[in-house]
J.: 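Right, I'll just put the structure down here and ask away after.
Reminder, nothing fancy here: chain letters follow the sequence lines and each chain counts from 1.
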Protein chains: 2
Amino acid sequence: MSGKLDFTQEVQQIARISKALSHPVRVYILQKLSKMDSCCYSGDLVEELPVGRSTLSQHLKELKYAGLIQGEINPPYIKYCINRENWEKAKKLLDDFLNDNKSLNISCEETESLIRK
Amino acid sequence: MSGKLDFTQEVQQIARISKALSHPVRVYILQKLSKMDSCCYSGDLVEELPVGRSTLSQHLKELKYAGLIQGEINPPYIKYCINRENWEKAKKLLDDFLNDNKSLNISCEETESLIRK
DNA sequence: AAAACATTTCGTATATTTGCGAAATATAAA
DNA sequence: TTTATATTTCGCAAATATACGAAATGTTTT
C-alpha cells in the first residue's frame, strides 16, 4: 500500500556491475584483460599489483562471480580471461544507463547557492 | 625496486565513479535525474524509495561528494539535479574504459574446464 | 514568538569489504 | 615418493558501508 518502488532488474544489475568495478585492482584487471585480448596468470598479475596473492585471489573470485571473467585451468596454472559474452552485456547495460538522457538541456539554474562540500 | 604498479588516475577515477553507482538507490536517483532533466526534492524521492529520510540523505551526500549531482537550495526545500559537467566526464571515462578493447577476437579457448562457482 | 516543515547530522548497530598470513589443494618435477 | 610450484580457502582483524531514529538546523507560516 505504500508508494515505495521495488528496484527494476536493470537498476539492480547496474548496481551489481558497478560494484564489481568499484575497486582499482578489479578495474586494472578488467582493463588489462579486455585490452590484451589474451589471458593472464594470477601469478603475473600479483607481480604488478600492490596486493598479496590471497587478496588477488579474492578479487578474481568476485569478478568471476560477477561473470565478467573466466578461468581456464592449465595446470598448475589458471589462465584468466574476459568473459566476452557477459562483458558485452555489461557494456550495453552501462552504455544505455549513461546515454539514455531525455535531453541535455540544463534546466536547473546553476546559481551561487549550489551546495559545495 | 618492486615491480608493483601504482594505479593510474584513470583507473582510480573509474573505481571511484563505479563505487558511486554501486548501490541501487544511487543508480535510481541518477537514472531519474538524468532522464527527467529536472530537479527533485529529497522529499519526493523518499516517497518512492525503500529507505528512510536520513539514509536517503546519506546517499545524496555521497553522490554530491562524487560530484555527480548538485543541490540547489530553495528554502525550505533543496532541489537536486545532475551535475551535467561531471556527469559527462564520468560518462566519457566509463565509455572509454568499456569500449577501448584492442580487438574482440576470442583467443581464450572456451573449454568445459572453465571454472564455475 | 511559537509551531510546522524539509532536510541534515549524530550516535549507534549491523553487515560487508578488504587485506594478510597460514594452511589446504592439486599438479609437475626430481 | 618427496619436493617444488600455483593457486585457493580459512580464520582473523581492521576499515568501510548501510540503515535507522532522535536530535539539530534553518526557514516559513501562524
J.: Tabulate protein N/O versus nucleotide N/O from nucleotides 25-28 of chain D, keeping only pairs under 3.5 Å, one per line.
T.:
none

J.: From CG of Leu60(B) over to C1' of dT9(C), roughly how many Å is that when rounded to an integer?
T.: 14 Å

J.: Check the angle between the aromatic planes of Phe97(B) and Trp87(A) and answer parallel, tilted or perpendicular using the 30° and 60° thresholds.
T.: perpendicular

J.: Do Gln12(B) and Gln9(B) make a side-chain contact, defined as non-hydrogen atoms from C-beta onward lying under 4.5 Å apart?
T.: yes

J.: For Gly43(B) and Val46(B), which heavy atoms make the closest approach, and how far apart are they?
T.: O-CG1, 3.4 Å

J.: Tell me the interatomic distance from Ile73(B), atom CD1, to dC5(C), atom C1', rounded to whole angstroms.
T.: 16 Å

J.: Closer than 3.5 angstrom, by distance alone: can the side chain of Arg26(A) be matched with the main-chain N or O of Ala15(B) as a donor-acceptor pair?
T.: no

J.: Taking all heavy atoms of Leu68(A) and all of Asn86(A), pick out the closest pair and write down the distance.
T.: CD2-O, 4.3 Å

J.: Please give me the minimum heavy-atom distance between Asn99(B) and Lys91(A), naming the atom from each residue.
T.: OD1-CE, 3.3 Å

J.: Let me check something: do Leu94(B) and Phe7(B) share a hydrophobic cluster, defined by ILVMFWY side-chain heavy atoms less than 4.5 Å apart, either directly or through other members?
T.: yes

J.: What's the CG-C1' distance between Leu63(A) and dT18(C), to the nearest Å?
T.: 14 Å

J.: I'd like to know if Lys89(B) pairs up with Glu85(B) as an ion pair, taking the criterion as any Lys NZ or Arg NE/NH1/NH2 lying under 4.0 Å from an Asp or Glu carboxylate oxygen.
T.: yes

J.: For DNA chain C, determine which residues of residues 50-57 of chain A have any heavy atom closer than 4.0 angstrom to one of its atoms, and list them numerically.
T.: Val51(A), Gly52(A), Ser54(A), Thr55(A)

J.: dT7(D) P sits how many Å from Leu45(A) CG, rounded?
T.: 9 Å

J.: Nearest-Å distance, CD (Glu72(A)) to P (dT7(D))?
T.: 13 Å

J.: Please give, in whole Å, the distance from dT9(D) C1' to Ile78(A) CD1?
T.: 12 Å

J.: With sugar-phosphate meaning primed atoms plus P, OP1 and OP2, does Gln58(B) contact a base, only sugar-phosphate, or nothing at under 4.0 Å between heavy atoms?
T.: base

J.: Taking CG from Asp44(A) and P from dA6(D), how many angstroms apart are they, rounded to a whole number?
T.: 10 Å

J.: If only side-chain N and O atoms of Tyr80(B) are considered, is one of them under 4.0 Å from the OP1 or OP2 phosphate oxygen of dT8(C)?
T.: yes

J.: Tyr41(B), Leu30(B): one ILVMFWY side-chain cluster at the under-4.5 Å cut-off?
T.: no

J.: Name every residue in residues 7-29 of chain B that has at least one heavy atom under 4.0 Å from any atom of DNA chain D, in order of residue number, or write none if there are no such residues.
T.: Lys19(B), His23(B), Arg26(B)

J.: Starting from P on dC20(D), measure out to NE2 on His59(B) and report it in whole angstrom.
T.: 9 Å

J.: What distance separates Leu98(A) CG from Ile17(B) CD1, expressed to the nearest 0.5 Å?
T.: 9.0 Å

J.: Go through Thr55(A) and Leu49(A) one step at a time and tell me if the side chain to side chain contact (heavy atoms under 4.5 Å, CB included) criterion holds.
T.: CA-CA 10 Å; Thr55(A) 303; Leu49(A) 290 169; over 6 Å; no

